[in-house]
Amino acid sequence: MNIEDIRRVLIVGAGTMGRQISLQCAIHGYDVTLYDIAPDALDAAKAQIRAFADHLISWGRLTRKDADAALARITTTNNAKQAAAQADLLSESVPEDPKLKCRVFAQFNKLCPSRTIFTTNSSELMPSLMAAKTGRPDKFAALHFHQHVWEANVADIMPHPGTSQATVKLLKAFTESIGQIPIVLKKEHAAYVFNNMLNALNGAALDLAVNNVASVEDIDRAWIGVMKTMVGPFGIMDFVGLDLAWQISDMFAKLSGDPQIQARADFLKHYVDKGWLGVKNGRGFYNYTNPA
Ligand SMILES: NC(=O)c1ccc[n+]([C@@H]2O[C@H](COP(=O)([O-])OP(=O)(O)OC[C@H]3O[C@@H](n4cnc5c(N)ncnc54)[C@H](O)[C@@H]3O)[C@@H](O)[C@H]2O)c1
């Protein structure tokens, strides 16, 4: 398969990431099918994709004509069979749960043509964990995006040992074709490249808060003041979603048995239990849209 053979992209999961990847692919000329299991997720997704397009227009990054053409290329559906029928490339963005992801890949392996390339946008899971369930391990790798895809324009391509070189080459060409800079990993490595560096920063920030060394706000102020960035580590975690940040910390705490990582996870859980999930629902470590 060549890059010219990829025309329709199937996005599985219409949440935070699925919506962004859909618009990015449509802007770059791909026909997109956005599939979700939850009927109300699709209405919310359509509204947010439209809002993202309006933002890009107001920033001078997109014309109204091109935005309308991109929006017209996106179709949404709750019908998995219909979604899969014409897919050349599948990008999976369902929640970070290995059993769920395996179920989704097994389901779409039965529904998609054998030519379809499968990718996961998982933040932390190794593609080798899911490869057998895709039924096409040679045509499967991680293709991992960052929020907001039109700003953070690098995407990790991470093969597992059974991924063919042809698939890596194709994914590199696809990534470039949607305006992203491919970062090709030479081997499987938890948390890819940027996220590895980010996790170290967030872990250090959480340790300072858990051990009551300084307040969340002062830890962020220290980073922002020196690095001259708009946000510090806790602001970044609000942006990512505290539910996802907690899931990842908790998974690593359980895997490693490290009490310090568990303490980080428990600190995050305290916010998640209150329903404070970050920017996405207006309250996390900070109040939005006016964070301290
Ligand atoms: N949020 C981020 O900053 C970010 C960045 C990069 C990668 N990721 C990864 O992307 C994936 C998705 O994260 P998100 O933040 O978009 O999650 P999300 O919770 O915002 O969205 C997940 C969507 O998947 C849908 N879903 C659940 N089960 C499904 C199924 N069986 N079939 C189809 N759809 C189903 C849900 O209804 C929901 O709409 C995760 O693996 C995460 O680790 C997240």
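Whatever order the structure lists them in is the order used to number ligands and atoms, beginning at 1.
D36 OD1, 2.7 Å is the protein heavy atom nearest to atom 37 (O) of ligand 1. With hydrogens left out, the protein atom closest to atom 29 (C) of ligand 1 is I37 CG2, 3.6 Å, a heavy atom.
One option in V94, N121, I236 has a heavy atom closer to atom 40 (C) of ligand 1 than any other, and that option is V94. Counting heavy atoms only, S93 comes closest to atom 22 (C) of ligand 1 of the residues S93, G13, A41, A155. Proximity annotation for atom 41 (O) of ligand 1: of H146, E96, Q247, E96 comes nearest, heavy atoms only. The option from S91, P95, A142 that lies nearest to atom 24 (O) of ligand 1, judged by heavy atoms, is P95.
Heavy atoms of M17 found under 4.0 angstrom from ligand 1 belong to the backbone as well as the side chain. Neither the backbone nor the side chain of E124 comes within 4.0 Å of ligand 1, counting heavy atoms alone. For V104, every heavy-atom contact with ligand 1 shorter than 4.0 Å involves the side chain, none the backbone. Only the side chain of L100 comes within contact range of ligand 1, with a heavy atom under 4.0 Å; no backbone atom does. When heavy-atom distances to ligand 1 are checked against a 4.0 Å cut-off, K101 comes that close only through its side chain, counted from C-beta outward. In F145, the part holding a heavy atom less than 4.0 Å from any atom of ligand 1 is the backbone. When heavy-atom distances to ligand 1 are checked against a 4.0 Å cut-off, L244 comes that close only through its side chain, counted from C-beta outward.
For the atom pair CG (D250) and NZ (K269), the distance works out to 8.0 Å, reported to the nearest 0.5 Å.
At least one heavy atom of Y35 sits closer than 4.0 Å to an atom of ligand 1. Put simply, no part of G241 is less than 4.0 Å from ligand 1, judged by heavy atoms.
At a 3.5 angstrom cut-off on N or O pairs, S122 does not count as close to ligand 1. Among the atoms of S123, some N or O lies under 3.5 angstrom from an N or O of ligand 1. Of the polar atoms of Q147, at least one N or O is found under 3.5 Å from an N or O of ligand 1, judged by distance alone. Between H144 and ligand 1, a contact under 3.5 Å exists for no N or O pair. Note: no N/O pair closer than 3.5 Å links E92 and ligand 1 by distance alone.
Y271 and F252 are members of different hydrophobic clusters when ILVMFWY side chains are connected at heavy-atom separations under 4.5 Å.
Between R136 and C112 the shortest side-chain heavy-atom distance falls below 4.5 Å. Between F285 and L268, some side-chain heavy-atom pair lies under the 4.5 Å cut-off. Within the 4.5 Å cutoff, no side-chain heavy atoms of I183 are placed close to those of F194. No side-chain heavy atom of H144 sits less than 4.5 Å from a side-chain heavy atom of M158.
Within ligand 1, counting atoms from 1 as listed, the ones closer than 4.0 Å to a heavy atom of G15 are 16 (O), 20 (O), 21 (O), 23 (C), 39 (O). The distance from ligand 1 to the heavy atoms of T16 drops below 4.0 Å at these ligand atoms: 15 (O), 16 (O), 20 (O). Against a heavy-atom cut-off of under 4.0 Å, V240 is close to the following atoms of ligand 1: 1 (N), 3 (O).
Considering T33, L89, T119, I178 as possible partners of V9, the one that fulfils the side chain to side chain contact (heavy atoms under 4.5 Å, CB included) test is L89. Under the side-chain hydrogen bond (donor to acceptor under 3.5 Å, both in side chains) rule, E151 has a single partner from Q20, R61, H146, which is R61.
Look at D5 and R115 and you find no salt bridge, because none of the NZ, NE, NH1 or NH2 atoms lies under 4.0 Å from a carboxylate O. Salt-bridge formation is not detected for the pair R73/D68: no Lys NZ or Arg NE/NH1/NH2 atom is positioned less than 4.0 Å from an Asp or Glu carboxylate oxygen. Electrostatic pairing of R221 and D218 counts as a salt bridge here, judged by a charged N lying under 4.0 Å from a carboxylate O.
By the definition of a contact as any protein heavy atom under 4.0 Å away, atom 3 (O) of ligand 1 is in contact.
Judged by distance alone, the side chains of T175 and Q180 never bring a donor and an acceptor atom under 3.5 Å apart.
The local environment of NZ in K172 is sparse, with at most 12 non-hydrogen atoms from other residues, nucleotides or ligands closer than 6.0 Å.
The nearest pair of heavy atoms linking N199 to A191 is ND2-CB, 3.5 Å.
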